[in-house]
Amino acid sequence: MCRYLSILALALLASTCLAADYPSAVVALGAAGPFMRSRQFAEARAPLEAAFKLAKPGDRVQRAAAEKLLTVYRELREPDKLLEMGDFLINTGERSAGRFVVSNTLADFLHQNGMLDQGIKRYEERLQKHANDLAALGVLERIYSQTSPKDAAKAKAIGDKLRAANIALATDLAQKLLARAEQDPKQAAWHLMDAAQLWLEAEAKPRAIAAAKASQGAAPENRSQILTHQWHEGLGDVFLEAGETTLAVAEFKSAIEFAPSESWKTPIQKKLEQAEGQLK
């Protein structure tokens, strides 16, 4: 009962704030929380849009607001807003996996709402203006690869361009992280782990392995138990994908050791079993 009343109080507070200016992006994002949890998407819209506008461009609060707005616009059936927010998330996203998920969401929405022709026209026009537009490439690749066999050639052509764009972006970001690791020794281990993951996206396994090993040898960071757990898991993922299975096993075991609870251990245990299976 107390928990229910607490949630209700937050929702009423957020509702009261809708008519006023929010003092910060964090406050606006927090105000939207109760509405999102109760699937009151129309009510969540205003505080989320305020959070998106108030946040610093590209920071975590803005991206968090954008990700929630993607859900809001999809549920409220607002295609123009949905596509605009999806384009933002794709073109500012640093990881190809995240960009793929959003591209797939937009393509599915267009398909389910009978808007494929409009979507194709929209994104083909964008490609004519910017050949490496990640949103256009990502959504068109999803559309052409999912519609019919006659679009197989288009899907391959767009897919090849998308792959090249993803590699170029991952390479650029990995190099920036390596430079950041040199400039910030206290955070070097984490920057190097992130760089290793990006080298994998850039299809440069030797560089990924080198960065991951450099991360292992960097000065220990003053990080929390959860971040230590995530760091070991991240390195394990890199080593496993790069074929360094023995190193992956060691990192997954360390990740399990630093897991804050049993629920955090379970997914890592599965990865460990997969890695150990490859060693047999």
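The model shown is predicted, which means the values in this text are computed figures rather than measured ones.
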Passing candidate, side-chain contact (heavy atoms from CB on, under 4.5 Å) with L177, options M193, H191, Q197 =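 Going through the options one by one, the only one that passes is H191.
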ask   = Regarding R99 and N91, is there a side-chain donor-to-acceptor distance under 3.5 Å anywhere?
value =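 Their side chains do not contain a donor-acceptor pair, so the 3.5 Å distance test is not met.
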Donor-acceptor pair between Q216 and E251 side chains, under 3.5 angstrom = yes
message = As a quick check of understanding, evaluate salt bridge (charged side-chain N to carboxylate O under 4.0 Å, His left out) for R122 and D80, giving each step before the final call.
response = CA-CA 11 Å; R122 180 182 195 273; D80 291 341; over 6 Å; no
Going by heavy atoms in the side chains, are [X] and [Y] under 4.5 Å from each other?
X	Y	result
S103	E141	no
E67	T71	no
L137	Y123	no
F88	V102	no
Q269	L272	yes
I143	H111	no
E201	L198	yes
L178	W199	yes

So does [Y] get a backbone contact from the side chain of [X], meaning a donor-acceptor N/O pair under 3.5 Å?
X	Y	result
R77	R74	yes
H229	A255	yes
S215	A189	yes
E244	I209	no
D172	A168	no

inquiry  = Could you go through K213 and L192, starting from their C-alpha distance and side-chain angles, then the distance that decides it, and tell me whether this counts as side chain to side chain contact (heavy atoms under 4.5 Å, CB included)?
reply    = CA-CA 9 Å; K213 288 182 176 180; L192 288 165; over 6 Å; no
request  = Just do the side chain to side chain donor-acceptor pair (under 3.5 Å) check on Q146 and D151 with the steps written out, would you?
outcome  = CA-CA 9 Å; Q146 294 177 9; D151 292 318; over 6 Å; no
message = With rounding to the nearest 0.5 angstrom, report the OG1 to CD distance, T245 to E241.
response = 12.0 Å
query = For S263, what residues pass the side-chain contact (heavy atoms from CB on, under 4.5 Å) criterion, not counting sequence neighbours?
reply = S261
key: Set of residues satisfying salt bridge (charged side-chain N to carboxylate O under 4.0 Å, His left out) with respect to R45, sequence neighbours excluded   =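 Expected list: E49, E78.
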task = Not counting sequence neighbours, list each pair that qualifies as a side chain to side chain donor-acceptor pair (under 3.5 Å) and has a residue in residues 51-66.
result = R63-T92
ask   = Is L134 reachable from F100 through a run of I, L, V, M, F, W or Y residues, each pair having side-chain heavy atoms under 4.5 Å apart?
value =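 Result: no, two separate clusters.
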ask   = L110 and V139: side chain to side chain contact (heavy atoms under 4.5 Å, CB included), yes or no, with the steps?
value = CA-CA 10 Å; L110 292 169; V139 177; 4.3 Å; yes
message = Between K270 and E273, is the salt bridge (charged side-chain N to carboxylate O under 4.0 Å, His left out) condition met? List the steps.
response = CA-CA 5 Å; K270 291 180 180 179; E273 291 171 1; over 6 Å; no
F252 vs H232, ring-ring contact (aromatic ring centres under 6.0 Å, His included): CA-CA, chis, key distance, verdict = CA-CA 6 Å; F252 289 143; H232 284 296; over 10 Å; no
task = Decide side chain to side chain contact (heavy atoms under 4.5 Å, CB included) for F41 and L69; before the verdict, give the C-alpha distance in whole Å, the side-chain angles of both, and the deciding distance to 0.1 Å.
result = CA-CA 9 Å; F41 299 115; L69 279 170; over 6 Å; no
Within 45° cone of W231 ring axis and under 6.0 Å: R223 NZ or CZ =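 Pair R223/W231 counts as cation-pi.
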inquiry  = salt bridge (charged side-chain N to carboxylate O under 4.0 Å, His left out), that's the test. Do E125 and K121 meet it? Break it down for me.
reply    = CA-CA 6 Å; E125 288 177 352; K121 182 176 183 294; 2.8 Å; yes
